[in-house]
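Worksheet: the structure to be examined is printed underneath.
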Amino acid sequence: MGSDLNRDVEGLLKAHGVSEREVYLDSENSGLIFPEALKAMVDSYEEAARGHPAITHKLGWESYEKLYESTLKIAQALNCNSEEITYTHNGTEANNLAILGLAEASKSRRKILVSSIEHLSVIFAAEHLQKFGFKVVKVPVDGEGFVDLDFISRNVDKDTLLVSVALVNHEIGTIQDVKAIIDVVKGHDEKIVVHTDACDALGRVKLDLKRLNLDLASFSSHKIYGPKGVGALYIKEGVNVSPIIYGQLSTQHLWPSLENIPAIVGFSKAVELMHLNFESYNSRITRLRDKLIDGLLDIEYTVLNGPKGYKRSPDNVNISFLFCEGEALTVELSLKGIYVSSGSACTSRILEPSHVLQAIGRRHEEAHGSILMKITPFHSDEDVDYVIGSFPDAIRRIRSMSPMKPGGG
Amino acid sequence: MGSDLNRDVEGLLKAHGVSEREVYLDSENSGLIFPEALKAMVDSYEEAARGHPAITHKLGWESYEKLYESTLKIAQALNCNSEEITYTHNGTEANNLAILGLAEASKSRRKILVSSIEHLSVIFAAEHLQKFGFKVVKVPVDGEGFVDLDFISRNVDKDTLLVSVALVNHEIGTIQDVKAIIDVVKGHDEKIVVHTDACDALGRVKLDLKRLNLDLASFSSHKIYGPKGVGALYIKEGVNVSPIIYGQLSTQHLWPSLENIPAIVGFSKAVELMHLNFESYNSRITRLRDKLIDGLLDIEYTVLNGPKGYKRSPDNVNISFLFCEGEALTVELSLKGIYVSSGSACTSRILEPSHVLQAIGRRHEEAHGSILMKITPFHSDEDVDYVIGSFPDAIRRIRSMSPMKPGGG
Amino acid sequence: MVKLSSRIPLPYSFKVIELFRNPKNLGKMDDATVWALAGSIACGDMIAMYLKIDEETQSILKASFESYGCAANIAAASILTEMVRGKTLEEAWRISWRDVSDALGGLPKVKYHCGILAVGSLRRAIRAYFQDKLKPKWLPENLTAEERHALEEEELAERFSRKS
Amino acid sequence: MVKLSSRIPLPYSFKVIELFRNPKNLGKMDDATVWALAGSIACGDMIAMYLKIDEETQSILKASFESYGCAANIAAASILTEMVRGKTLEEAWRISWRDVSDALGGLPKVKYHCGILAVGSLRRAIRAYFQDKLKPKWLPENLTAEERHALEEEELAERFSRKS
Ligand SMILES: Cc1ncc(COP(=O)(O)O)c(C=O)c1O
Ligand SMILES: Cc1ncc(COP(=O)(O)O)c(C=O)c1O
């Protein structure tokens, strides 16, 4: 934290005030939690959290049992073996373990393909390996974010270690045809490892790990409304990954230290809820998503980012409002109790807007005006109506302040 | 998790049964939690956990405020600036960041001194660097675990990057004279970085980071009865550490991804409780520790591991029961509701017992019979009386089963 | 290789939020003596600064602004229009981006450029005023840091647009 | 460089706990026909196996054990003394450590060596019985894996004691 920051956040919040209605649409950045998952975590603190699952006494065994049961539930939902799951503390660490841990374990291959719209924890981890002589190739995407299969086909070779493409893109909701990617890659060479960052796919897209023949897949608890502080990496039996953090092992071989069992119990509960309610959540969320998209595209000078329809994640709404700077709009909406985020450069340290929006060919001014929203199982029709009703005024005010106005200004 | 494991843990627990009285002495491996810290965490899930502290909307700012307040409290207790604290997910990650992150940032120096009784997350992280040409020197300790200052003085040189010695040893409770170590090291060369793993020191030993002139110090929440899933690294202003995990930053520069704010809030609460109650907790704990040590040393063929008196951590009890295998004793005590751990090789993957006990010169058979117990603020005189009363029978039974008996068998 | 972005916290001061909610001196000024634009839409921030100048005293009677940019950008431009009112052009010229930041109760580091851009737009307007007049001694020949910043941003935007 | 230890989970079967609580055939056997020791205290596990043998039928009338070691070690030795009772020496010889593990409801991988050590102590006792007798055909000349394991452990312990 830089010392130049304003510390009078209380004053800020007072000046901001509280809106009558609040609609939280920013679970891209920080998820809500299922009350059931929170309760499961708290209960487990009270029951079994004292034990260490690798110690031979009653409380150790109890905590081991909790851990094992939770893992089994997750493995069942994903259709994999519980031995294939390694816990980390978030999706970022899972992606790092997948990429850095695979590289650490690899003897010879030195080429990595990642899509140009991956999460930064994939891109930065891969780029870090360039220091050690790895070659990172960015796979281009089309205007809706779908990766160029031909490009992959032309670029995988005997030196290729890994191809990493997220099943669902976190910003524009593109659902990749991961099966086709796997077929292309494995058709060239069975030994090339395929990783998918499934942090945003879990619970939104059917995921059958056994059937897919994936090698590695990353997950994050807070992205499915579980507790913060847990993530997981699926590692198919036989795929070699080395640890990237060192220390005393507990029950896991690839991430040392005591597992955060209460958080894992909560995570498992969230996985279970997403799994059991898959159909009902997603049919509702899809409907609300489309209602919101349609309602907002009625506003002039708007562009949808990402595909429409069934190839779009059921929760993802990402729209660029031209002539409207996204961060200002974020604040304006906040004043109305609507919480969203933007791909504007203003939310970043440098002058570049979202690399995802750039990769699908959005001009900078389009990216600056982008607003990302995620529909959750917690949202109602009334929420969406309120949002649709509130946007036009907000857009109008922000546009009215600008020296560049629609139609030339 | 290996597939060869017994999965009928329920059957095991049934066969085990429940003791009338339970005394948990294994917070070395997995801490208890202050109810206040649990409550603070849960409340924060309900209040501010939705927000991401780097996003410009009301909930983002609220979560930023929570984060900032919590950090300030921790910084005040440690006497450092809040900018000097980086959160990780546990002590293991903090130690890895200290050692690997320092090495990553270092341009030239290639020698690292660590004491031979450090936690494995220090030793393994340092040893990992040997792959990259670093030289790791283990500093020997005396029979009570105190590092050899002369050895340090003779071994630091122009190539030395780091000296790492834990303020309080996790197994035998030795409180090092870190001030003397710093003086020796900095006397040779101001630029050598001094790190202390303070996971077991926090709340047990007065720690004034500004006064001590330490460069790096690691902390772990569950070791001070805070929530699991948080640790922290103190990095003195001006000390260069590079990230070792890569991805999207939130408010921190050295560990990407969303901070686990609810857990940090709970951690901060635990720090506060340990800080406010320092005198009362520690005078009680010290008394109970000595009562337990005295009571157990009354048993024949016992050896205390680590120093006596004020140079021993107030919570640490570590005794070797000769002719008594420690893991069997752990299980026997568990049947009586007493939960402890052992430095026996039987708790490990290989045939080596605790490296700490070996380093202080204990023979293998002494280490195999060692039992580690930690007194907490949650323990009462009755607990300790119960433990003292229960040990003799347990020891007698385990010894009676052995072919090697005291006095030659 | 493009260095990709990472987030950092932006806890604004309440002053920024207040001015964002109720900006003072917002809008194009029809009877402006002079005006100037700084920044670019491609870079995500742009400020138009309008000045009504009393020719005799060379002081600013009123100022107004338009802004395309984040809340801090809007607040910075707005507070600057307040700060310059009634000042001579020389006094106005001497206002630094630090003064703007201070007046706002402190800008986060990544938002310094908002203060810089606001001052840049003001100085451009002042320069424009002296375009075909005798330049006063206090007006430097060379661009100040704030003006250079605006220029660099515009050049960067040029590059962005060529790219896409 | 010593490879340092790391923990792993040891969820025992309820059978292990039961036998740990109430070991069958525990204790030195004063009228044993033969006995043998395997393992070492320095390595953390040691088993003494006592056999009472019916000389005529070459079958085991009863067996007992003593153990220095973990709960699994005690349980493994104990169940083996149950398993051999009434068996001929040849049948007893054929019991593998896997059989012991199975009888215990499955040993965790890191505890395989407990089963191995128990079988090693039994085979040593059987070998000792034939020490100065005519060796039956089923008794191999060379040490079996289980016996070698015991030997290796004892040698390792030697090294440990020399070290300290
Ligand atoms: C696709 C994707 N991958 C990885 C991550 C990182 O997950 P976490 O926030 O758990 O570190 C995110 C989180 O936003 C994500 O959306
Ligand atoms: C001295 C010491 N350092 C580091 C650690 C690791 O901390 P954590 O369990 O939070 O990873 C421990 C935990 O037992 C410890 O005692």
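Excluded from the calculations below are hydrogen atoms, water molecules and symmetry mates; all remaining heavy atoms, backbone and side chain alike, are included. Throughout, protein chains are lettered first and strands after them, A, B, ... in sequence-line order, and every chain is numbered starting at 1.
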For this session: Could you tell me which of A/Ala263, A/Pro256, A/Pro227, A/Ser27 has the largest number of non-hydrogen atom pairs under 4.5 Å with chain B?
Result: A/Pro227
Exercise. Considering only heavy atoms, which portion of A/Glu84 lies under 4.5 Å from any heavy atom of chain B: side chain, backbone, both, or neither?
Worked result: neither
Seminar exercise, completed: chain B shares the most heavy-atom pairs under 4.5 Å, among A/Thr86, A/Asn81, A/Leu38, A/Leu333, with A/Leu38
Exercise. Are B/Trp255 and A/Glu93 side-chain neighbours, meaning at least one heavy-atom pair lies under 4.5 Å?
Worked result: yes
Problem set entry | Within-4.5 Å side-chain heavy-atom neighbours: B/Glu62 and A/Leu13 | yes
Problem set entry | A/Tyr64 and B/Val9, any side-chain heavy atoms less than 4.5 Å apart | yes
Exercise. Regarding A/Asp26 and B/His57, is there a side-chain donor-to-acceptor distance under 3.5 Å anywhere?
Worked result: yes
Exercise. Are the side chain of B/Thr56 and the backbone of A/Val331 linked by a donor-acceptor contact shorter than 3.5 Å?
Worked result: no
Problem set entry | Side chain proximity check, B/Met41 to A/Met41, heavy atoms < 4.5 angstrom | yes
Problem set entry | Side-chain heavy-atom pair B/Lys228, A/Pro262 within 4.5 angstrom cut-off | yes
For this session: Quick one: pull up CG in A/Leu249 and CG in B/Leu120 and give me the separation to the nearest 0.5 Å.
Result: 9.0 Å
Problem set entry | Between A/Ser257, A/Gly229, A/Ala125, the one whose heavy-atom pairs under 4.5 Å with chain B are most numerous | A/Ser257
Exercise. A/Gly51 and B/Ser30: which non-hydrogen atoms are nearest, and at how many Å?
Worked result: O-OG, 3.1 Å
Problem set entry | B/Lys131 vs A/Glu104, side-chain contact (heavy atoms from CB on, under 4.5 Å): CA-CA, chis, key distance, verdict | CA-CA 11 Å; B/Lys131 266 196 175 184; A/Glu104 180 90 25; 2.5 Å; yes
Seminar exercise, completed: Of the listed B/Glu22, B/His16, B/His128, the one with the largest count of heavy-atom pairs under 4.5 Å with chain A is B/His128
Problem set entry | Value rounded to 0.5 Å, distance of NZ in B/Lys58 from CG in A/Leu12 | 11.0 Å
For this session: With a 4.5 angstrom heavy-atom cut-off, could you sort out which part of A/Val122 is near chain B: side chain, backbone, both or neither?
Result: neither
Problem set entry | Non-hydrogen side-chain atoms of B/Leu100 and A/Tyr246 separated by less than 4.5 Å | yes
Exercise. Donor-acceptor pair, A/Ser121 side chain versus B/Gly247 backbone, under 3.5 Å?
Worked result: no
Problem set entry | Side-chain donor or acceptor of B/Tyr45 paired with backbone N/O of A/Pro35 under 3.5 Å | no
Exercise. Are side-chain heavy atoms of B/Gln248 and A/His170 found at a separation under 4.5 Å?
Worked result: no
For this session: Side chain from CB out, backbone as N, CA, C, O: work out which of these in A/Tyr225 comes under 4.5 Å of a heavy atom of chain B, or both, or neither.
Result: neither
Exercise. Given B/His89, which of A/Asn90, A/Ile245, A/Asn260, A/Val230 fulfils the side-chain contact (heavy atoms from CB on, under 4.5 Å) condition?
Worked result: A/Asn90
